[in-house]
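Here the structure is laid out as structure tokens; the discussion comes afterwards.
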Number of protein chains: 2
Amino acid sequence: MRLTTKGRYAVTAMLDLALNAEKGPISLADISKRQEISLSYLEQLFAKLRQQSLVSSVRGPGGGYKLSREPEAISVAQIIDAVNESLDVTNCERQGNCQQGQQCLTHHLWIDLSDRIHAFLSSISLASLVQQDEVQEVSVRQNSARELGLLDVSGVQ
Amino acid sequence: MRLTTKGRYAVTAMLDLALNAEKGPISLADISKRQEISLSYLEQLFAKLRQQSLVSSVRGPGGGYKLSREPEAISVAQIIDAVNESLDVTNCERQGNCQQGQQCLTHHLWIDLSDRIHAFLSSISLASLVQQDEVQEVSVRQNSARELGLLDVSGVQ
DNA sequence: GTAAACCCGACTAGTTTAGTCAAGTAAATA
DNA sequence: TATTTACTTGACTAAACTAGTCGGGTTTAC
Ligand code: FES
Ligand code: FES
């Protein structure tokens, strides 16, 4: 298993999309400013999210990305999976063939842990994150930072 | 978070120690053969396990390593921690300061996941692993492979 | 005193991360 | 139609880390 900023950025960006859904398509430039993620890196991540049809894009001025499904129907596990970070902690990728085609001593333990991690992150949808108080607070802070003139707000629509 | 063969090897090796505890000190060469882990690599891992006093060593011929505590008192989480693999999946190492000293949108989610992973692996001791049927089966298989003459058995002990 | 074992530090090939950079294409609007 | 905004694609890279190897020790049982 490997859970790094790649997966965390993807989830954060998707949550940003869910929080700002009512504003229409959101440009990567906006997400980049709000979440402090490199624009070029976001492009890489959204290429993968689009391939897995978690988001759809609108090109041209005023364009951007939007969720291609209801936030209730998108789980954190799906997002992490889309950017190629595996939640599997086994060495054998669940094949049970670590040791000359047979199970190693700890295979069962890692299967068990993988299942729990997957169950947890599958049970959490973008919609349920949006409803959390902590998330709302951070979101409000991020939007007020924009209004304080730290960032270009005027022309944005 | 990063859970790779390093942590898996460490747990496997410690479990091997627990399973063979009654034979007296177990040499790394034995573990290396049974678990198919490079001897030099095991030396690196056991240096760290010893620093954390999870194992103690006996030098000289007939020597090896043994658990320095009851298997009931050693959890999988402790072992993984000892070889410097973190079970923490936050970016901020629990500080909540990802974004200019403040919490990022997903901080709470990662804290939550980290706590669950840690709780799970802390709840599993070497003793409880030894009692599992799957583990016993694999252990029997590994010992019979030795007796089939695939490996040097005669002079050991 | 010799061999079995632990101990220790330096080294390394390969992979992955977290990006950057450049050159496009598509679409809205003036 | 020209311009601009924004998505799209691919190549490239420094730094870190993994999963080891290698060579030399030191300790102790026999
Ligand atoms: S982790 Fe599945 S066989 Fe070893
Ligand atoms: S992960 Fe803790 S603040 Fe971002």
Side-chain angles (χ1 to χ4, degrees), chain A residues 1-13 17 23-33 35-66 68 80 83-86 89 91 98 152 154-157, chain B residues 1-10 12-13 17 23-33 35-51 53-66 68 80 83-86 89 91 98 152 154-157:
Chain A
M1 176 181 169
R2 159 171 297 128
L3 187 45
T4 64
T5 46
K6 191 198 281 186
R8 280 190 296 259
Y9 279 174
V11 175
T12 303
L17 233 49
K23 299 182 192 161
I26 306 296
S27 73
L28 293 188
D30 279 8
I31 299 179
S32 171
K33 284 179 200 159
Q35 308 306 335
E36 298 175 16
I37 304 172
S38 139
L39 177 57
S40 305
Y41 200 40
L42 276 177
E43 284 171 350
Q44 273 183 52
L45 298 180
F46 272 78
K48 290 178 178 166
L49 294 171
R50 204 174 58 100
Q51 281 162 29
Q52 304 298 314
S53 30
L54 292 177
V55 297
S56 54
S57 63
V58 179
R59 303 183 104 183
Y65 285 94
K66 53 188 170 118
S68 56
I80 292 175
V83 294
N84 302 340
E85 288 209 314
S86 169
V89 301
N91 187 33
C98 255
D152 156 47
S154 53
V156 179
Q157 217 269 69
Chain B
M1 176 180 167
R2 161 170 295 128
L3 187 46
T4 64
T5 45
K6 192 198 283 186
R8 279 190 296 260
Y9 279 173
T12 302
L17 232 49
K23 299 184 193 161
I26 306 295
S27 72
L28 293 187
D30 279 9
I31 300 179
S32 171
K33 284 180 201 158
Q35 308 306 334
E36 297 175 18
I37 304 172
S38 138
L39 177 58
S40 306
Y41 200 40
L42 276 176
E43 284 175 349
Q44 272 182 54
L45 298 179
F46 273 78
K48 290 179 178 165
L49 294 171
R50 203 173 57 100
Q51 278 162 31
S53 31
L54 293 176
V55 297
S56 56
S57 64
V58 179
R59 300 183 109 187
Y65 286 94
K66 52 189 173 142
S68 55
I80 293 175
V83 293
N84 302 340
E85 289 209 314
S86 170
V89 301
N91 186 34
C98 255
D152 156 47
S154 54
V156 178
Q157 225 264 67

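Order of the sequence lines sets the chain letters (A, B, ...), proteins ahead of strands, with each chain counted from 1. Note that this is a predicted model, so its numbers are computed, not measured.
Between B:G63 and A:V58, it is B:G63 whose nearest contact on DNA chain C lies nearer the 5' terminus. Comparing A:A47 and B:R8 along DNA chain D, the residue whose closest nucleotide (by nearest heavy atom) sits nearer the 5' end is A:A47.
With hydrogens and angles ignored, no donor-acceptor pair under 3.5 angstrom links the side chain of A:E43 to the base of D:dC7. Side-chain atoms of B:Q44 and base atoms of D:dT21 include a donor and an acceptor less than 3.5 Å apart. For B:R2 against D:dT18, a side-chain-to-base donor-acceptor contact under 3.5 Å is absent.
Between the B:S32 side chain and the B:I37 main chain, a donor and an acceptor come within less than 3.5 Å of each other. One N or O on the side chain of B:T12 and one on the backbone of B:R8 form a donor-acceptor pair closer than 3.5 Å.
Neither OP1 nor OP2 of D:dT18 sits under 4.0 Å from any side-chain N or O of B:Y9. Side-chain N/O atoms of B:K6 include one lying less than 4.0 angstrom from OP1 or OP2 on D:dT18. Contact annotation: A:R59 side-chain N/O to C:dG24 OP1/OP2 distance is not under 4.0 Å. For C:dA18, the OP1/OP2 oxygens have no side-chain nitrogen or oxygen of A:S38 closer than 4.0 Å.
One atom, CG of B:N91, and another, P of C:dT17, lie 14 Å apart when rounded to the nearest Å. A:K66 has its NZ atom 13 Å from the P atom of D:dC7, to the nearest Å. Protein atom CG of A:L42 is 13 Å distant from nucleotide atom C1' of D:dC7, rounded to whole Å. At whole-Å resolution of the value, CG in B:L3 and P in D:dC17 are 16 Å apart. Summarising the geometry, the separation between NZ on A:K48 and C1' on C:dT17 is reported as 11 Å, rounded to the nearest angstrom. One can place CZ of A:R50 at 12 Å from C1' of C:dA26, the figure rounded to the nearest angstrom. As rounded to whole Å, 11 Å separates atom C1' of C:dC8 from atom CD of B:Q51. If you take CZ of B:F46 and C1' of C:dA5, they are 14 Å apart, rounded to a whole angstrom.
A:S40 comes within 4.0 angstrom of a nucleotide base, judged by non-hydrogen atoms across all strands. A:Y65 comes within contact range of the sugar-phosphate backbone alone, with a heavy-atom separation under 4.0 Å but no base atom that close. In this structure, B:I26 reaches the sugar-phosphate backbone alone: every heavy-atom distance under 4.0 Å involves primed, P, OP1 or OP2 atoms, never a base. Contact annotation for B:S57: backbone-only contact, meaning every heavy-atom pair under 4.0 Å involves sugar-phosphate atoms and none involves a base.
The shortest distance between side-chain heavy atoms of B:S86 and B:R2 does not fall below 4.5 Å. A:Y9 has its side chain out of reach of A:L42: every pair of non-hydrogen atoms, C-beta onward, lies at least 4.5 Å apart.
Distance check: B:K23 NZ to B:D30 CG gives 7.5 Å after rounding to the nearest 0.5 Å.
Taking the side chain of B:T5 as heavy atoms from C-beta on, and the options D:dA19, C:dC7, C:dA18, the nearest nucleotide is D:dA19. Listed nucleotides: C:dA4, D:dA19, D:dA6. Nearest to the side chain of B:T4: D:dA19.
For A:K66, the NZ atom counts as loosely surrounded, since its 6.0 Å shell holds 12 or fewer non-hydrogen atoms of other residues, nucleotides or ligands.
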